[in-house]
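Contents: one structure, followed by commentary.
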Amino acid sequence: MKDSNSGSAHSQGAADSSTSSNFIRNKIAQDLKDNKYGGRVHTRFPPEPNGYLHIGHAKSICLNFTVAEENSGLCNLRFDDTNPAKESQEYVDAIKNNISWLGFAWNGEVRYSSSYFAHLYGFAGQLVKSGKAYVCDLSADQAREFRGSLTQPGKNSPNRDRSVEENLELFERMRAGEFVDGACSLRAKIDMASPNINMRDPVLYRIRHIEHHQTGSEWCIYPTYDYTHCISDAIEGITHSLCTLEFEDHRPLYDWILHNLDIESIKAASDLADFDGDYVLPEQTEFAKLKLNYTIVGKRQLKEMVDTNVVDGWDDPRMPTLAGMRRRGFTPASIRNFCESVGVARSDSVVDLGMLDHAIRDDLDKHSPRAMCVLRPLLVVLTNLAEDHLENLDMANHPKNEEMGRRSVPLSKQIVIDKSDFEEVASPGFKRLVASGEVRLRGAYVIKCDNVVKGEDGEILELHCSVDMDTLGKKPEGRKVKGVIHWVSRTKGIPLSVNLYDRLFTVENPESKDIEDFRDVLNADSLIRLDDCMAEPSIGNEGATDKYQFEREGYFCRDDKESATGRLVFNRTIPLRDSW
RNA sequence: UGGGGUGUCGCCAAGUGGUAAGGCACAAGGUUUUGAUCCUUGCAUGCGUUGGUUCGAAUCCAGCCACCCCAGCCA
């Protein structure tokens with residue numbers, strides 16, 4: 001995939017939900033009204049390439065891209081790659097792929113914080129020269145002790161008052177590779193007694209003799225997040241730097257760094273160097289992360305689930321990763337609609353999984369063609385049909401959208417129905433097939449169960465039913481048949497396997513501290529594999545889509561990865577709502 | 001217990017002094033050859049709590065309570 005992704009900003013998968021007011025939209029509207037940034041709105045999505053994107057990231061992606069789009073603004077994709085020890089190109093590629101899949105187009109080329117390393121180094125020199133930064137020899141452990149605690153102020157580093165000249169020389173030597181990892185660091189000189197621990201002389205640069213996935217071995221010192229993020233935003237001409245709540249305490253540092261640098265030199269280094277209007281520094285605004293009940297979105301735990309084979313990789317359909325959800329059958333529109341419906345606010349909240357369920361059902365109901373697939377087959381012999389009976393029944397692909405066309409479904413003497421659609425003696429409220437009872441075969445005839453054939457152990461082997469030939473497309477005479485069941489021709493149907501997925505955890509909050517190990521609360525039935533399923537032949541047609549509503553069962557999606565082995569495999573994205 | 005935040009229906013969430021939007025869930029009806037979809041109706045005399053200001057407060061003020069985040073040379 002090329003980095004340039006400058007197609008239409010409104011590409012496939014665009015959401016169609018209505019928008020609602022939130023504090024970020026309001027703030028942007030106000031800033032526009034005040035002409036704060038000369039009419040510009042420029043956001044960015046800044047992932048660290050140290051893992052796969054998940055549903056929580058989707059909220060941030062949707063927010064940043066849509067808020068820019070709504071205001072004729074721009075949104076950059078910037079990899080915040082300042083910690084090469086944890087990052088890799090694999091993640092960079094996966095992230096780009098996921099964002100494009102969601103249907104968003106970032107502004108221009110993909111950005112990397114690492115491509116600003118030279119500027120960052122130069123600005124650090126500026127801070128050293130103005131006495132705002134110094135090289136500190138304290139080890140990480142010592143620095144922690146000097147930092148104080150939440151209730152106790154910190155102590156100044158013994159190196160805090162080094163001369164500018166000495167700091168300059170030391171910093172250059174750090175960059176030149178003269179010191180081992182951790183020997184010293186560059187720190188901002190702010191206030192060791194600040195009640196905000198982030199302001200107690202935070203580290204700006206640390207020594208790491210390690211290869212970087214973008215810059216190779218060019219650098220052996222790497223800037224920290226706090227130092228890098230604000231300057232990267234400023235360089236890219238970002239106006240609204242949106243991030244999550246835990247960075248709230250970092251905002252004073254974000255502002256401190258930018259305000260202690262020469263603004264003209266920032267502008268000169270930025271994409272706005274030739275911009276006529278006033279150059280205005282970016283501002284950080286925080287919003288609450290997305291949390292979902294019954295799911296884990298912690299990167300560390302997600303990685304552990306992959307590494308310990310609790311799931312089958314980052315794209316396991318049970319994973320809340322975008323890669324997993326895609327394979328599960330989620331559509332970009334459903335995820336966008338979900339993010340919009342969840343809203344953006346500052347209060348910690350846990351969204352009910354039911355909202356996600358609704359979003360995917362809503363989209364799939366409108367856009368999926370219908371088909372019939374029997375998950376747990378029970379043979380039914382239609383006794384009054386000829387041995388070679390073959391009738392092609394015409395059925396609509398969608399009950400309320402005729403533009404989706406029609407298809408032909410073969411009916412033969414032997415068909416299969418789902419085991420759960422037959423009960424020898426009906427339980428209360430049961431309205432499907434029972435012994436001596438009648439039921440409608442969807443899109444076909446009404447049949448009557450005349451005989452139940454059982455094996456020696458009483459197991460039901462097959463049903464013998466007679467067809468009322470006068471019921472195709474019309475109601476039976478003189479009686480009411482309320483049940484309708486799906487079916488598949490046993491001779492013409494396509495055998496396939498199906499994966500039935502359910503939530504991975506049995507408790508609402510698997511990330512709770514009360515739970516020592518998430519393995520203790522795993523749902524043993526999160527995956528049920530069925531290997532004897534049979535679907536109507538149309539799903540194997542040339543040009544057939546990969547997503548269907550298997551009538552009366554749910555929404556399913558062909559798993560191309562598994563189907564590649566030869567046997568067709570479908571994943572159940574989500575079952576139909578069942579009010580029974 | 002220092003600092004920063006947040007508290008509006010079971011779950012999200014609008015609302016920024018004029019008398020509580022919307023969505024999800026749920027419940028009850030209606031349509032239906034998917035127990036689906038769709039439609040209709042219901043669902044906070046109440047906005048963490050206690051006081052105060054005001055003709056009028058979820059909105060302003062004060063106190064209290066609960067919960068979340070921060071002591072990486074992670075982001």
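Quick note on labels: first sequence line is chain A, next is B, and so on, each numbered from 1.
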For atom CG of A/N83 and atom C1' of B/C73, their distance in whole Å: 10 Å
Whole-angstrom distance between B/U37 and B/C68, as gauged at atom C1': 40 Å
Would B/G72 be called syn or anti here, given the cut-off of 90° from 0? syn
Do the side chain of A/E553 and the base of B/U34 come within less than 3.5 angstrom through a donor-acceptor pair of N or O atoms? no
Taking the same atom, C1', in B/C55 and in B/C24, what whole-Å distance lies between them? 39 Å
For the P atoms, the ones on B/A71 and on B/A62, what distance do you get once it is rounded to whole angstrom? 30 Å
NA contact type, A/G429, heavy-atom cut-off 4.0 Å: base, sugar-phosphate, or nothing? base
Just call it for A/H229: base, sugar-phosphate, or nothing, with non-hydrogen atoms closer than 4.0 Å on any strand. nothing
May I ask you to say what A/K482 touches in the nucleic acid, namely base, sugar-phosphate or nothing, with a heavy-atom cut-off under 4.0 Å? nothing
Using whole Å, what does the distance between atom P of nucleotide B/U32 and atom CG of A/N401 come to? 21 Å
Between C1' on B/U6 and CG on A/D249, what's the gap in Å once rounded to a whole number? 13 Å
NA contact type, A/L138, heavy-atom cut-off 4.0 Å: base, sugar-phosphate, or nothing? base
Can you check the distance between B/G51 and B/U40, where both ends of the measurement are the C1' atom (answer in whole Å)? 45 Å
Do any side-chain nitrogens or oxygens of A/T224 fall under 4.0 Å of OP1 or OP2 in B/A75? no
A/Y205 near the nucleic acid: base, sugar-phosphate alone, or nothing, with a heavy-atom cut-off under 4.0 Å? nothing
Would you classify A/A444 as touching base, sugar-phosphate or nothing, given that sugar-phosphate means primed atoms plus P, OP1 and OP2, and contacts are heavy atoms under 4.0 Å? base
P-based separation of B/A25 from B/G18 [nearest Å]: 33 Å
Do A/F79 and A/Y112 make the cut of ring centroids closer than 6.0 angstrom? yes
Is it the case that the ring center of A/F117 lies less than 6.0 angstrom away from the ring center of A/H212? yes
Rounded to whole Å, CG of A/D357 lies from P of B/G23 at a distance of 18 Å
Let's go through A/E283 and A/Y254 carefully: what are the C-alpha distance in whole Å and the side-chain angles of both, what is the deciding distance for side chain to side chain donor-acceptor pair (under 3.5 Å) to 0.1 Å, and is it a yes or a no? CA-CA 9 Å; A/E283 269 182 26; A/Y254 183 106; over 6 Å; no
If I pick the C1' atom on B/U33 and the same atom on B/U41, what distance separates them, to the nearest angstrom? 27 Å
How far does the C1' atom of B/G5 sit from the matching atom of B/C43, given to the nearest Å? 32 Å
Between A/F23 and A/R552, whichever has its closest RNA chain B nucleotide further toward 5' is A/F23
Go through it in stages, so that I can follow the logic: the residues are A/E340 and A/R25, the test is salt bridge (charged side-chain N to carboxylate O under 4.0 Å, His left out), and I'd like the CA-CA distance, side-chain angles, deciding distance and then a yes or no. CA-CA 12 Å; A/E340 182 59 42; A/R25 284 191 167 114; 3.2 Å; yes
Applying a 4.0 Å non-hydrogen cut-off, can you work out what A/N22 is touching in the nucleic acid: base, sugar-phosphate, or nothing? sugar-phosphate
Scan A/R577 against the nucleic acid and name what it touches under 4.0 Å (heavy atoms): base, sugar-phosphate only, or nothing. sugar-phosphate
Give one of base, sugar-phosphate or nothing for A/R440, where a contact means two heavy atoms less than 4.0 Å apart. base
Please state how far atom CG in A/L150 lies from atom P in B/A71, giving the value in whole angstrom units. 8 Å
Can you tell whether the side chains of A/D137 and A/R162 come within less than 4.0 Å, N to carboxylate O? yes
Spacing of A/D226 atom CG relative to B/G4 atom C1', expressed in whole Å: 15 Å
Which comes earlier along RNA chain B counting from the 5' end, the contact point of A/V350 or that of A/G473, where each point is its nearest nucleotide? A/V350
In whole Å, I'd like the distance from the NE2 atom of A/H398 to the C1' atom of B/U37. 7 Å
Check: A/N196 side chain, B/G4 base, donor-acceptor under 3.5 Å: no
Remember a base hit wins even if backbone is also touched, and classify A/S149 as base, sugar-phosphate or nothing at under 4.0 Å, heavy atoms. base
Using the C1' atom in both, what is the distance from B/G48 to B/G7, to the nearest Å? 6 Å
Are A/T224 and A/R206 linked by a side-chain donor-acceptor pair shorter than 3.5 Å? no
Ignoring backbone atoms, establish whether A/K475 has a side-chain N or O less than 4.0 Å from OP1 or OP2 of B/U33. yes
Polar pair under 3.5 Å, donor/acceptor by atom type, side chain A/R251, base B/G4: no
How would you label the contact of A/V446 with the nucleic acid (heavy atoms, under 4.0 Å): base, sugar-phosphate, or nothing? nothing
Taking only side-chain nitrogens and oxygens of A/H486, does any of them come within less than 4.0 Å of OP1 or OP2 of B/U34? no
Phosphate oxygens OP1/OP2 of B/G35: is one of them under 4.0 Å from a side-chain N or O of A/R442? no
Would you kindly say whether A/S427 and A/E423 are connected by a side-chain donor-acceptor distance under 3.5 Å? yes
Got a sec, which residues hit side-chain hydrogen bond (donor to acceptor under 3.5 Å, both in side chains) with A/K303, two or more places apart in sequence or on another chain? A/D307
So, is A/S347 close to the B/A13 phosphate, meaning a side-chain N or O under 4.0 Å from OP1 or OP2? yes
If you look at every strand shown and take non-hydrogen atoms under 4.0 Å, does A/F146 touch a base, only sugar-phosphate, or nothing? nothing
Let's go through A/E48 and A/K86 carefully: what are the C-alpha distance in whole Å and the side-chain angles of both, what is the deciding distance for salt bridge (charged side-chain N to carboxylate O under 4.0 Å, His left out) to 0.1 Å, and is it a yes or a no? CA-CA 9 Å; A/E48 184 191 12; A/K86 293 186 175 175; over 6 Å; no
Atom-pair distance (CG on A/L576; C1' on B/G35), nearest Å: 10 Å
Donor-acceptor pair under 3.5 Å, A/R361 side chain vs B/U37 base: no
Please classify the nucleic acid contact of A/G443 as base, sugar-phosphate, or nothing, using heavy-atom distances under 4.0 Å. base
